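Here you go, one structure.
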Amino acid sequence: MSDFPKGLTKVFIGSDHAGFELKQKLIERFQKLVIFEDCGTNSTESCDYPVFAKAVSEKVLKSPGALGLLICGTGIGMSIAANKVKGIRAACVSEAFSAKMAREHNDAQILCLGARVIGEEKAAESFKAFLDAKLDTTNPRHQRRIELMKEMEK
Ligand code: RB5
């Protein structure tokens with residue numbers, strides 16, 4: 001359930017230099033479908049992905065219903081860094097099916113993409129699948145597994 005106007009989902013988006021151009025393209029493509037808050041970076045100048053992973057993760061945790069989108073060269077650094085923030089479940093994917101499953105089975109709040117791995121079309125498809133999916137509550141096994149992961153954070 002979104003806390004934001006018109007039922008639009010708030011999406012905190014961030015990238016490093018390697019993901020900057022794809023971030024700008026996805027903002028352009030999806031700006032009418034979601035409310036983006038751009039957490040940087042703002043150029044292709046070299047920078048450190050954990051800074052942006054942390055910023056986006058902390059904002060997602062403070063905004064119920066919000067999602068995150070993090071882009072670096074591979075998506076891997078962003079996902080490793082975001083998953084170090086307690087309460088975050090970040091999924092690094094390269095196609096739409098995994099993006100959908102990340103929400104339906106894992107209740108991931110953050111999608112991580114690799115700009116050097118997939119092109120704009122696959123990235124857009126993956127993000128759209130992530131946006132459109134929600135946790136599958138029809139079977140308690142997913143929630144049970146998520147609770148087991150939460151236990152690991154204690
Ligand atoms: C930057 O060169 C690159 O290491 C970074 O974007 C990312 O792919 C790390 O996981």
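Please read these numbers as outputs of a predicted model, since none were measured by experiment.
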Under the salt bridge (Lys or Arg N to Asp or Glu O under 4.0 Å) criterion, do Glu147 and Lys150 qualify, and how do the steps go? CA-CA 5 Å; Glu147 293 306 320; Lys150 288 181 180 169; 3.7 Å; yes

For Glu45, is the CD atom crowded, meaning more than 12 foreign heavy atoms sit under 6.0 Å from it?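 Atom CD in Glu45 is not crowded, with 12 or fewer foreign heavy atoms closer than 6.0 Å.
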
Carboxylate-amine/guanidinium contact Glu58 Lys54, below 4.0 Å: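 Judged by the 4.0 Å cut-off on N to carboxylate O distance, Glu58 and Lys54 do form a salt bridge.
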
Under 3.5 Å donor-acceptor, Gln143 side chain and Thr137 backbone: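 No, Gln143 side chain to Thr137 backbone: no donor-acceptor pair under 3.5 Å.
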
Mind checking whether Cys47 and Phe52 have side chains closer than 4.5 Å, heavy atoms only?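 Heavy-atom side-chain distance check passes, below 4.5 Å.
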
Are Val56 and Phe36 joined in one hydrophobic group, where the rule is that I, L, V, M, F, W and Y side chains link up if heavy atoms are under 4.5 Å apart?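 No, separate clusters.
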
What closest approach, in Å, do Ala90 and Asn83 show between heavy atoms, and which atom pair accounts for it?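 In terms of heavy atoms, the two residues are closest at N-OD1, 2.8 Å.
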
Can you get from Phe12 to Leu69 by hopping between Ile, Leu, Val, Met, Phe, Trp and Tyr side chains that sit under 4.5 Å apart?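 Different clusters: Phe12 never reaches Leu69 through Ile, Leu, Val, Met, Phe, Trp or Tyr contacts under 4.5 Å.
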
Residue pair Lys10 / Leu67, side-chain heavy-atom distance below 4.5 Å: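 Side-chain contact under 4.5 Å: no.
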
Contacts of type side chain to side chain contact (heavy atoms under 4.5 Å, CB included), residue Ala99, not counting sequence neighbours: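 Listed in chain order: Val93, Leu111, Ser126, Ala129, Phe130.
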
What I'd like to find out is whether the side chain of Ile35 reaches to under 4.5 Å of the side chain of Thr9, using heavy atoms alone.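 No, side chains not in contact.
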
Between Ser63 (side chain only) and Val60 (backbone N and O only), is there a donor and an acceptor less than 3.5 Å apart?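 Between the backbone of Val60 and the side chain of Ser63 there is no qualifying donor-acceptor contact (under 3.5 Å).
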
Using a 3.5 Å distance criterion without hydrogens, assess whether the side chain of Lys59 forms a donor-acceptor pair with backbone atoms of Val11.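 No, because the side chain of Lys59 does not come within donor-acceptor range (under 3.5 Å) of the backbone of Val11.
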
Sequence neighbours excluded - side chain to side chain donor-acceptor pair (under 3.5 Å) pairs with any residue from residues 92-109: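 Counting only pairs at least two positions apart or across chains, the side chain to side chain donor-acceptor pair (under 3.5 Å) contacts touching residues 92-109 are Arg89-Asp107, Glu95-Ser98, Lys100-Glu104.
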
I'd like a table of donor-acceptor pairs (distance under 3.5 Å, sequence neighbours excluded) in which one partner is a side-chain atom from residues 26-34, with atom names and distances.
residue : atom : partner : partner atom : Å
Arg29   : NH1  : Glu120  : OE2          : 3.0
Arg29   : NH1  : Glu121  : OE2          : 2.9
Arg29   : NH2  : Glu121  : OE1          : 3.1

For Asp38 and Lys23, what are the C-alpha separation, side-chain angles and deciding distance, and is it a side chain to side chain contact (heavy atoms under 4.5 Å, CB included)? CA-CA 9 Å; Asp38 188 349; Lys23 171 168 72 72; 3.0 Å; yes

Taking all heavy atoms of Ala115 and all of Gly19, pick out the closest pair and write down the distance.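 Smallest interatomic distance, heavy atoms only, reads CB-CA, 4.0 Å.
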
Inspect the surroundings of CG in Asp48 and state if more than 12 heavy atoms from other residues, nucleotides or ligands are less than 6.0 Å away.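 No, because the 6.0 Å sphere around CG of Asp48 holds 12 heavy atoms or fewer from other groups.
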
Using side chain to side chain contact (heavy atoms under 4.5 Å, CB included), reason through Leu135 and Ile146 one step at a time and then give a plain yes or no. CA-CA 11 Å; Leu135 175 65; Ile146 291 159; 3.8 Å; yes

Check whether Asn139 reaches the backbone of His142 with its side chain - one donor and one acceptor, N or O, closer than 3.5 Å.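 Flag not set: sc Asn139 to bb His142 has no pair under 3.5 Å.
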
Search all heavy atoms of Ile110 against all heavy atoms of Ser57 and return the closest pair with its distance.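 Smallest interatomic distance, heavy atoms only, reads CD1-OG, 3.6 Å.
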
